[in-house]
Amino acid sequence: MEKKLVRKEILNMRNNMSNEKRILKDKLIYNLFINSDLYKKAKDIFIYVSFGSEVSTHEIINKALRDKKNIYVPKTDINKKEMIAVKIHSFTELNVDNYGILEPISVDKEKIASDFDTIVMPGVAFDKEGNRIGYGGGYYDKYLEKNIFKAKKIALAYEEQILEKIETDYHDIEVDFIINTEKIIKTYWK
């Protein structure tokens, strides 16, 4: 199925999920992640700040901050279609951008990083090979292409977002793990 169609169908499904169902699924994904070695061994985590119908990351971020992990979140430049990773210590350091997404208010050079052991990436759809369809902006693909990481790339996804096979382009960056409500899937793209 074509990427645009997959994106539209999955976003429609996600947007129509009831709040009760979403809260329950988010809690299951949260518990699986924070009790995993992927989380326990992580020291420097670059993680998206969830928005809209995405799997929630707010509790994960708060837990990681309480656990004294270094947390970095994206700050985007819409004009350049680029992003940077900015270290935060609290949600009070975030402000809503023009699209309603929380991102760092200010960017101090000493808070910018490009080396992590864990990256939690957003996405619309995934397959078990680690292929990922994002939102179409290419921010993560460009960022990860420029910055070579040893980091484990993780996706948090509802079961409905995990498809048998999705079409990707040569520049699409794969994930290493997908965490859903039931299990942690180690992808086999390598």
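Nothing fancy with the numbering, it's 1 onward along the sequence.
Between Lys81 and Asp77 there is no salt bridge, since none of the side-chain N atoms of the basic residue sits less than 4.0 Å from a carboxylate O of the acidic one. Salt bridge annotation for Asp97-Lys75: absent, with no cationic side-chain nitrogen under 4.0 angstrom from a carboxylate oxygen. In summary, Lys8 and Glu2 do not engage in a salt bridge, as defined by a charged side-chain N under 4.0 Å from a carboxylate O. The residues Lys152 and Asp176 are annotated as not salt-bridged, no charged nitrogen and carboxylate oxygen being separated by less than 4.0 angstrom. Classification of Arg132 and Glu174 as a salt-bridged pair fails, no side-chain N sitting under 4.0 Å from a carboxylate O.
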Original post:
salt bridge (charged side-chain N to carboxylate O under 4.0 Å, His left out) between Glu82 and Lys142: does it pass, once the steps are laid out?
Top reply: CA-CA 7 Å; Glu82 293 179 343; Lys142 289 175 196 167; over 6 Å; no
**OP:** Could you walk me through whether Tyr48 and Val55 pass the side chain to side chain contact (heavy atoms under 4.5 Å, CB included) test, one step at a time?
**Re:** CA-CA 10 Å; Tyr48 70 97; Val55 171; 3.8 Å; yes
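With hydrogens and angles left out, the side-chain atoms of Asn70 and Lys43 include no donor and acceptor closer than 3.5 Å. Side-chain contact of Asn131 with Asp127: a donor-acceptor pair under 3.5 Å is present, judged by distance alone.
Contact check for Asp44 versus Thr118: no side-chain heavy atoms found under the 4.5 Å cut-off. In this structure, the side chains of Gln161 and Phe126 come closer than 4.5 Å at one or more pairs of heavy atoms. Considering only heavy atoms from C-beta on, Tyr143 comes within 4.5 Å of Phe46 through its side chain.
A distance-only check finds no donor-acceptor pair linking the side chain of Glu93 to the backbone of Pro104 [under 3.5 Å]. Without hydrogens or angle criteria, Ser50 side chain to Thr57 main chain gives a donor-acceptor distance under 3.5 Å. Here the side chain of Ser90 pairs a donor or acceptor atom with the backbone of Thr92 at under 3.5 angstrom.
For the atom pair CD1 (Ile185) and CD (Glu129), the distance works out to 12.5 Å, reported to the nearest 0.5 Å.
Geometrically, Lys69 engages Tyr39 in a cation-pi contact defined by less than 6.0 Å to the ring centre and at most 45° from the axis.
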